[in-house]
Undergrad: 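Shown below is the structure under consideration.
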Amino acid sequence: MILPEIIFVLLLAVLSVPVAIFAVQVLIALPARKATALPTGPRPSIVALIPAHDEAAGISATLNSLREQLQSGDRMVVVADNCSDGTAAVARAAGAEVIERSDAVRRGKGYALDCGVRYLESSPPEVVIIVDADCVVHAGALARLARMCVANDRPVQSLNLMHAPAGAGLKTKIAEFAWTVKNLARPLGSHRLGLPCQLMGTGMAFPWGLIQSAELASGHIVEDLKVGLDFARAGQAPLFCPDAVVHSVFPANAEGEQSQRTRWEHGHLGMIFKDAPRLLLESLRTMNVALLSLVLDMCVPPLALLTLLVFALGLLGALVWGGTGNALPWGLAVIEFFVLGAAVLLAWSRFGRDILSFASLAYAPIYALRKIPVYLNFIVRRQIDWVRSRRDEP
């Protein structure tokens, strides 16, 4: 075997891992799901902790959806973090306790959450449920999260969905489908295999003892992903609760949508390159199956990027075939391409029909090509700071 073939086979082997993980997760998630029974006994006391930065326009809907589910002794605590609008006043009017935090240097959601947890130390609840200020929490979600959290003494992640706003274009609908695959199909597949899930940033429930000692105060742009892996390293990997649902809406303006996606994807890719090798070795050394499963799950790149990589590998295989006369590498790359394509089609048939049509799904490869600048910027101009997404001004 000559050098180009050896290099190609190595690339093929590396890329086959995230493709296989993606396909297995989707396949296991396909059967219809039934609601699971709640643990019995008194419902634990809850504090809903809401970090907010300039969210005056939309935080009322979030607080209203929470307030309807609170019982006597429960609380809503809003951390108005470096706000320049009326977030604090709106939150107080909706019945929340409000902490106003101002720090021009230590900015970002992690710092706001740490501030909120330190505030709760004087009168802690049994469970803290973190909800972003642009989310609506569906009926019954708080009770499910709190009961499951206390019963297992582990963090619990709700089903976190994002919907395209009314009148959104095809690009946003494809993004909604990709989000649904990432936050519903894939964690549901892992859940059915008895494996944990990543934390998703909102709709996250924690026993007080765990959240109090968590390392939250950071400017990390994917702090949820990092915190979930920290818990897995400590033997308390997060569980998935698909019957508890929170949802939000993609930003209406193109700038806000692009900023949000760039932050998520650059943060995710940064974790893959910086932390995945170290955590993979740690999980194998300590025989931590939960951590291993989360690290492998993290190594599945965003769906658009995974599609581009598989397609590029197919082109490279064709070049190797043309240069060496050996068609086997190209044939293996084609198989990998069809495995990924079949998994995406199955995910669409089960989870995406109400989001976009099959004809619209055919546009997805073009959508992936249009995201190449986002991934190139990861190399030359990576986003490393937390930046709030603009949601107004369509």
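Everything numeric in this text was worked out from a predicted model, so none of it was measured.
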Undergrad: So Phe358 and Leu345, do their side chains get closer than 4.5 Å, heavy atoms only?
TA: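 In short, these two side chains touch, coming nearer than 4.5 Å.
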Undergrad: Do Leu229 and Met271 come within less than 4.5 Å of each other through their side chains, counting heavy atoms only?
TA: yes
Undergrad: Between Pro44 and Val150, what is the shortest heavy-atom contact and its length?
TA: CG-CG2, 3.4 Å
Undergrad: May I ask you to say whether Asp132 pairs ionically with Lys109, meaning some side-chain N is under 4.0 Å from a carboxylate O?
TA: yes
Undergrad: Starting at CG of Asp114, measure out to CD of Glu215 and round the result to the nearest 0.5 Å.
TA: 9.5 Å
Undergrad: Enter the distance from Met204:CE to Leu49:CG here, rounded to the nearest 0.5 Å.
TA: 9.0 Å
Undergrad: Please check: side-chain N/O of Ser283 versus main-chain N/O of Asn288, any donor-acceptor pairing under 3.5 Å?
TA: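 Such a contact is absent between Ser283 side chain and Asn288 backbone.
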Undergrad: With a 4.5 Å cut-off on side-chain heavy atoms, are Leu66 and Ile50 touching?
TA: yes
Undergrad: If I take atom CG from residue Asp54 and atom OG from residue Ser84, how far apart are they, to the nearest 0.5 angstrom?
TA: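 One finds 3.5 Å between CG of Asp54 and OG of Ser84.
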Undergrad: By side chain to side chain donor-acceptor pair (under 3.5 Å), which residues pair with Asp74, not counting sequence neighbours?
TA: Arg43
Undergrad: Flag the pair Arg106 / Arg101 as yes when at least one side-chain heavy-atom distance between them is below 4.5 Å, and no otherwise.
TA: yes
Undergrad: Show, in sequence, the C-alpha distance, side-chain angles and deciding distance for Phe206 and Ile130, and conclude whether the side-chain contact (heavy atoms from CB on, under 4.5 Å) test is met.
TA: CA-CA 8 Å; Phe206 302 89; Ile130 295 172; 3.7 Å; yes
Undergrad: Does any part of the side chain of Met200, heavy atoms only, come nearer than 4.5 Å to the side chain of Phe240, both counted from C-beta?
TA: yes
Undergrad: Mark yes or no for whether His53, through its side chain, and Asp81, through its backbone, hold a donor-acceptor pair below 3.5 Å.
TA: yes
Undergrad: Please identify each residue that fulfils side chain to side chain donor-acceptor pair (under 3.5 Å) with Arg370, with sequence neighbours left out.
TA: Tyr363
Undergrad: Just by modelled atom types, is the Ala56 backbone N or O under 3.5 Å from a matching donor or acceptor in the Thr87 side chain?
TA: yes
Undergrad: More than 12 heavy atoms of other residues, nucleotides or ligands under 6.0 Å from CH2 of Trp330: yes or no?
TA: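 No, CH2 of Trp330 has 12 or fewer neighbouring heavy atoms, counting only those of other groups under 6.0 Å.
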Undergrad: With a 4.5 Å cut-off on side-chain heavy-atom distances among I, L, V, M, F, W and Y, is there a chain of contacts connecting Val47 to Val98?
TA: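 No, Val47 does not connect to Val98 through the hydrophobic network.
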Undergrad: Tell me, which pairs form a salt bridge (charged side-chain N to carboxylate O under 4.0 Å, His left out) where one or both residues lie in residues 281-296, sequence neighbours left out?
TA: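 The answer is Arg233-Glu282.
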Undergrad: Quick test of your reading: applying side-chain hydrogen bond (donor to acceptor under 3.5 Å, both in side chains), list the pairs with at least one residue in residues 181-204, sequence neighbours left out, ordered by first then second residue.
TA: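 Found Gln25-Arg186, Gln25-Ser190, Arg186-Asp297, Gln198-Asp297.
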Undergrad: Start with the C-alpha gap between Leu313 and Leu309, add the side-chain angles, then the distance that decides, and say whether side-chain contact (heavy atoms from CB on, under 4.5 Å) holds.
TA: CA-CA 6 Å; Leu313 195 66; Leu309 291 174; over 6 Å; no
Undergrad: Applying side-chain contact (heavy atoms from CB on, under 4.5 Å) to Arg75 and Leu120, what does each step give before you reach the verdict?
TA: CA-CA 10 Å; Arg75 300 152 67 192; Leu120 295 176; 3.9 Å; yes
Undergrad: Does Ile366 belong to the same Ile/Leu/Val/Met/Phe/Trp/Tyr cluster as Val310, with side-chain heavy atoms less than 4.5 Å apart forming each link?
TA: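 Yes: a chain of side-chain contacts under 4.5 Å links Ile366 to Val310.
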Undergrad: More than 12 heavy atoms of other residues, nucleotides or ligands under 6.0 Å from CZ of Phe351: yes or no?
TA: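 Yes, enclosed.
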Undergrad: Flag the pair Leu306 / Pro18 as yes when at least one side-chain heavy-atom distance between them is below 4.5 Å, and no otherwise.
TA: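 A side-chain contact exists here, since the closest heavy-atom pair is under 4.5 Å.
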Undergrad: Which heavy atom in Ala146 sits nearest to a heavy atom in Val127, and how many Å separate them?
TA: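 Taking Ala146 first and Val127 second, the nearest heavy atoms are O-CG2, 4.0 Å.
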Undergrad: Mind checking whether Tyr111 and Asp103 have side chains closer than 4.5 Å, heavy atoms only?
TA: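 No; the side chains remain at least 4.5 Å from each other.
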Undergrad: Are Val246 and Leu113 grouped together when hydrophobic residues (ILVMFWY) are joined by side-chain heavy atoms under 4.5 angstrom apart?
TA: no
Undergrad: Is there a continuous path of hydrophobic side-chain contacts, each under 4.5 Å between heavy atoms, that joins Ile46 to Tyr119?
TA: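 Per the 4.5 Å side-chain linkage, Ile46 and Tyr119 are not co-clustered.
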Undergrad: Please set out all donor-acceptor pairs under 3.5 angstrom arising from side-chain atoms of residues 289-296, sequence neighbours excluded.
TA:
unit_1 : atom_1 : unit_2 : atom_2 : d
Ser293 : OG     : Ala290 : O      : 2.8

Undergrad: Are the side chains of Phe177 and Asp354 in contact, using a 4.5 Å heavy-atom criterion?
TA: no
Undergrad: If you look at every heavy atom in Gly116 and Ile99, which pair is closest and at what distance?
TA: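 Between these two residues, the closest heavy atoms are CA-CD1, 4.1 Å.
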Undergrad: Run the numbers on Glu121 and Arg118 for salt bridge (charged side-chain N to carboxylate O under 4.0 Å, His left out), then give the verdict.
TA: CA-CA 5 Å; Glu121 287 179 331; Arg118 302 286 81 80; 3.0 Å; yes
Undergrad: Do Ser45 side-chain atoms and Glu126 backbone N/O form a donor-acceptor pair below 3.5 Å?
TA: yes
Undergrad: Suppose we screen for ring pair (Phe, Tyr, Trp, His ring centres under 6.0 Å). Which residues come up paired with Phe22, at least two apart in sequence or across chains?
TA: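 With sequence neighbours excluded, Phe22 shows a ring pair (Phe, Tyr, Trp, His ring centres under 6.0 Å) to no residue whatsoever.
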Undergrad: With sequence neighbours left out, what residues match Arg33 under salt bridge (Lys or Arg N to Asp or Glu O under 4.0 Å)?
TA: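 Per chain and number, Arg33 pairs via salt bridge (Lys or Arg N to Asp or Glu O under 4.0 Å) with Asp243.
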Undergrad: Would you say Leu188 ends up clustered with Ile28 if hydrophobic residues are merged whenever their side chains have heavy atoms under 4.5 Å apart, either directly or through other cluster members?
TA: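 In one cluster with Ile28: Leu188, no.
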Undergrad: Among residues two or more places apart or on two chains, list those pairs meeting side-chain hydrogen bond (donor to acceptor under 3.5 Å, both in side chains) that have a residue in residues 149-165.
TA: His163-Glu176
Undergrad: Among all residues two or more places apart in sequence or in another chain, which pass the side-chain contact (heavy atoms from CB on, under 4.5 Å) test with Ala304?
TA: Tyr367, Ala368, Lys371, Tyr375
Undergrad: How many angstroms lie between CD1 in Ile129 and CG in Leu142, if you round to the nearest 0.5 Å?
TA: 4.5 Å
Undergrad: Can a donor-acceptor pair be found, under 3.5 Å and without considering hydrogens, that links the side chain of His268 to the backbone of Met298?
TA: yes
Undergrad: Evaluate Met76 against Leu70 for side-chain contact (heavy atoms from CB on, under 4.5 Å), listing each step before the verdict.
TA: CA-CA 9 Å; Met76 297 187 299; Leu70 299 182; 3.4 Å; yes
Undergrad: Of all the heavy-atom pairs spanning Ala88 and Glu100, show the shortest one and how long it is.
TA: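 That closest heavy-atom pairing would be CB-CD, 3.7 Å.
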Undergrad: Of all residues at least two apart in sequence or in a different chain, which pass the side chain to side chain donor-acceptor pair (under 3.5 Å) check with Arg353?
TA: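 None.
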Undergrad: Please round to the nearest 0.5 Å and tell me the distance separating atom CG of Leu184 and atom CG of Leu159.
TA: 5.0 Å
Undergrad: Show me, pair by pair, the donor-acceptor contacts under 3.5 angstrom made by side chains of residues 7-15, not counting sequence neighbours?
TA:
none

Undergrad: Check side chain to side chain donor-acceptor pair (under 3.5 Å) between Arg147 and all other residues, then give those that pass, not counting sequence neighbours.
TA: none
Undergrad: Enter the distance from Ile372:CD1 to Leu305:CG here, rounded to the nearest 0.5 Å.
TA: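 Rounded to the nearest 0.5 Å, the CD1-CG separation comes out at 10.0 Å.
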Undergrad: Which atom pair, heavy atoms only, marks the closest approach of Glu55 to Asp134?
TA: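 The answer is OE1-CB, 4.4 Å.
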Undergrad: When you measure from the side chain of Trp348 to the backbone of Leu356, do you find a donor-acceptor pair of N or O atoms at a distance under 3.5 Å?
TA: yes
Undergrad: Grab the two heavy atoms, one from Val137 and one from Gln69, that are nearest each other, plus how far apart they are.
TA: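 Distance-wise, the nearest heavy atoms are O-NE2, 3.2 Å.
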